[in-house]
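Sequence lines set the chain letters: A, B, ... in the order given, protein chains first and strands last, and positions in each chain run from 1. When reading the values below, keep in mind they use all heavy atoms of this one structure, side chains included, and skip hydrogens, waters and symmetry mates.
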Number of protein chains: 2
Amino acid sequence: MDGQLVVFAKAIADDTRQIILKHLCCNWLSVSDVVDLLGGKVKQPTVSHHLKILEDAGLATVRQEGRQRFYTLNQERMTYCCGQLISTYAPDYAQQVINPDAIPIK
Amino acid sequence: MDGQLVVFAKAIADDTRQIILKHLCCNWLSVSDVVDLLGGKVKQPTVSHHLKILEDAGLATVRQEGRQRFYTLNQERMTYCCGQLISTYAPDYAQQVINPDAIPIK
DNA sequence: ACATTATATTGATGATTATCGATATGTCAA
DNA sequence: TTGACATATCGATAATCATCAATATAATGT
């Protein structure tokens with residue numbers, strides 16, 4: 001039933017997941033890296049659960065290396081979803097805010 | 001505990017609220033207008049509840065007129081929150097996507 | 001004052017979700 | 001193949017949340 005933008009919103013609608021997203025921003029981190037960075041706030045199974053939700057929403061990308069799985073934030077997906085939000089719910093601002101030729105710096 | 005962006009995300013993280021937001025976009029609607037537009041999906045107290053969540057998140061603006069309360073979508077707030085999301089979670093795209101001088105068309 | 005209309009609030013209930021301990025799966029090294 | 005390590009999955013529990021019926025609040029007209 002939930003549309004794409006609801007799935008996106010639910011993925012970021014949690015305090016712990018937003019903290020995780022900040023850590024994943026511009027960094028590839030293993031699950032245990034994230035657990036450590038959260039400093040005892042949540043246990044490993046919970047972190048895996050959150051990472052799965054982010055991955056399912058397309059906001060996290062995974063790369064396996066040995067026994068570890070490294071996650072990073074998908075900035076392009078984040079940008080796309082925000083663009084969709086503005087197009088849908090702020091049409092008067094869309095034309096000036098969203099540059100369709102946007103290309104990432106790095 | 002929840003930060004501004006979590007409050008924003010939670011507000012839009014519901015199917016019914018996104019439908020309501022679409023109706024409120026560019027329109028001033030009374031509570032019963034919204035109830036009618038949802039066509040029996042939810043009852044009046046539920047609509048009031050959703051509208052309160054949107055208002056608390058700054059996404060809906062209210063204007064009282066007689067016994068009716070008219071709500072509309074706050075496009076500026078929507079744009080601001082999306083800009084914050086991109087600044088925070090897609091910094092590599094922020095510079096090209098967000099135009100700080102953006103002014104609404106209407 | 002009273003009745004009517006519009007909306008908000010309350011209290012209860014069911015559904016969803018975040019969390020954890022325990023355990024399974026998968027990978028690598030010896 | 002066995003053991004150690006990293007992560008995922010399962011099952012249970014507690015918290016959050018969407019929903020509604022009933023009722024309260026508020027504004028208007030008679």
Side-chain angles (χ1 to χ4, degrees), chain A residues 1-24 27-57 59-73, chain B residues 1-24 27-57 59-73:
Chain A
M1 185 82 215
D2 287 347
Q4 170 188 226
L5 288 182
V6 174
V7 171
F8 165 72
K10 286 185 174 175
I12 63 173
D14 180 86
D15 187 55
T16 301
R17 279 198 292 277
Q18 289 212 11
I19 295 171
I20 292 174
L21 284 175
K22 285 198 189 84
H23 287 123
L24 293 183
N27 293 307
W28 286 91
L29 298 175
S30 69
V31 176
S32 47
D33 286 340
V34 175
V35 172
D36 292 346
L37 285 167
L38 290 174
K41 188 176 191 295
V42 288
K43 301 295 182 184
Q44 174 265 317
T46 304
V47 170
S48 283
H49 173 244
H50 286 311
L51 289 170
K52 177 162 174 34
I53 288 172
L54 295 175
E55 189 186 355
D56 288 347
L59 291 172
T61 305
V62 198
R63 170 167 57 84
Q64 179 121 15
E65 201 156 309
R67 5 185 174 185
Q68 307 189 77
R69 287 165 68 83
F70 291 91
Y71 291 81
T72 195
L73 194 159
Chain B
M1 185 79 212
D2 285 348
Q4 170 189 226
L5 288 182
V6 174
V7 171
F8 165 71
K10 285 185 175 173
I12 63 173
D14 181 84
D15 188 55
T16 301
R17 280 198 291 277
Q18 289 213 10
I19 295 171
I20 292 174
L21 283 175
K22 287 199 187 82
H23 289 306
L24 293 182
N27 293 306
W28 287 91
L29 298 176
S30 70
V31 176
S32 47
D33 286 340
V34 176
V35 172
D36 292 345
L37 285 166
L38 290 175
K41 188 175 191 295
V42 287
K43 302 295 182 183
Q44 175 266 317
T46 303
V47 170
S48 283
H49 174 244
H50 285 311
L51 289 171
K52 177 163 175 32
I53 290 173
L54 295 175
E55 189 187 355
D56 288 347
L59 290 172
T61 304
V62 198
R63 170 168 58 84
Q64 181 121 13
E65 203 155 307
R67 5 186 175 188
Q68 307 189 78
R69 286 164 68 84
F70 291 91
Y71 291 81
T72 195
L73 194 158

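Heavy-atom minimum distance, Ala9(B) versus Ala13(A): CB-CA, 3.6 Å.
Evaluation of atom-type donor-acceptor distances gives a pair under 3.5 Å for the side chain of Gln44(B) against the base of dA8(C).
The nucleotide whose nearest atom lies closest to any side-chain atom of Gln64(B) is, among dT19(D), dC20(D), dA27(D), dA27(D). Closest to the side chain of Lys10(B), from the set dT19(D), dC17(D), dA8(D), is dC17(D).
In this structure, Arg69(A) reaches the dA8(D) phosphate: one of its side-chain N or O atoms is under 4.0 Å from OP1 or OP2. In terms of phosphate contacts, Ser32(B) brings a side-chain nitrogen or oxygen within less than 4.0 Å of OP1 or OP2 of dT7(C). Considering only side-chain N and O atoms, Lys43(A) lies nowhere under 4.0 angstrom from the phosphate OP1 or OP2 of dA18(C). Between Arg67(B) and dG29(D), a side-chain N or O to OP1/OP2 separation shorter than 4.0 Å is absent. A sub-4.0 Å separation between OP1 or OP2 of dT19(D) and a side-chain N or O of Thr46(B) is absent. The phosphate of dA6(D) (OP1 or OP2) has no side-chain N or O of Ser30(A) nearer than 4.0 angstrom. Side-chain nitrogen and oxygen atoms of Tyr71(A) include none within less than 4.0 Å of the OP1 or OP2 phosphate oxygen of dA6(D).
For the side-chain hydrogen bond (donor to acceptor under 3.5 Å, both in side chains) test, residues two or more places apart in sequence or in another chain that qualify with Asp2(B) are Lys10(B).
In this structure, the separation between CG on Leu5(A) and CD on Gln18(B) is 5.5 Å, given to the nearest 0.5 Å.
Between Gln68(B) atom CD and dA8(C) atom P the separation is 11 Å, expressed in whole Å. In this structure, the CG atom of Asp15(A) is 15 Å from the C1' atom of dA15(D), given to the nearest Å. As a whole-Å value, the separation of Asp2(B) CG from dA18(C) P is 12 Å. Per the geometry, CZ belonging to Phe70(A) stands 20 Å off P belonging to dG26(C), to the nearest Å. Look at CG on Asp56(A): it is 16 Å from C1' on dT16(C), rounded to the nearest Å. Distance Glu65(B) CD to dT5(C) C1': 15 Å, rounded to the nearest Å. Rounded to an integer number of Å, the gap from NE2 of His49(A) to P of dT13(D) is 18 Å. If you take CG of Leu51(A) and P of dA18(C), they are 13 Å apart, rounded to a whole angstrom.
Side-chain contact between Val62(B) and Leu51(B): absent, with no pair of heavy atoms (C-beta onward) separated by less than 4.5 Å.
Checked options Val34(B), Thr72(B), Leu29(B); the residue passing with His23(B) is Leu29(B) (criterion: side chain to side chain contact (heavy atoms under 4.5 Å, CB included)).
Heavy-atom nearest nucleotides on DNA chain C were determined for His50(A) and for Glu55(B), and the one closer to the 5' end corresponds to Glu55(B).
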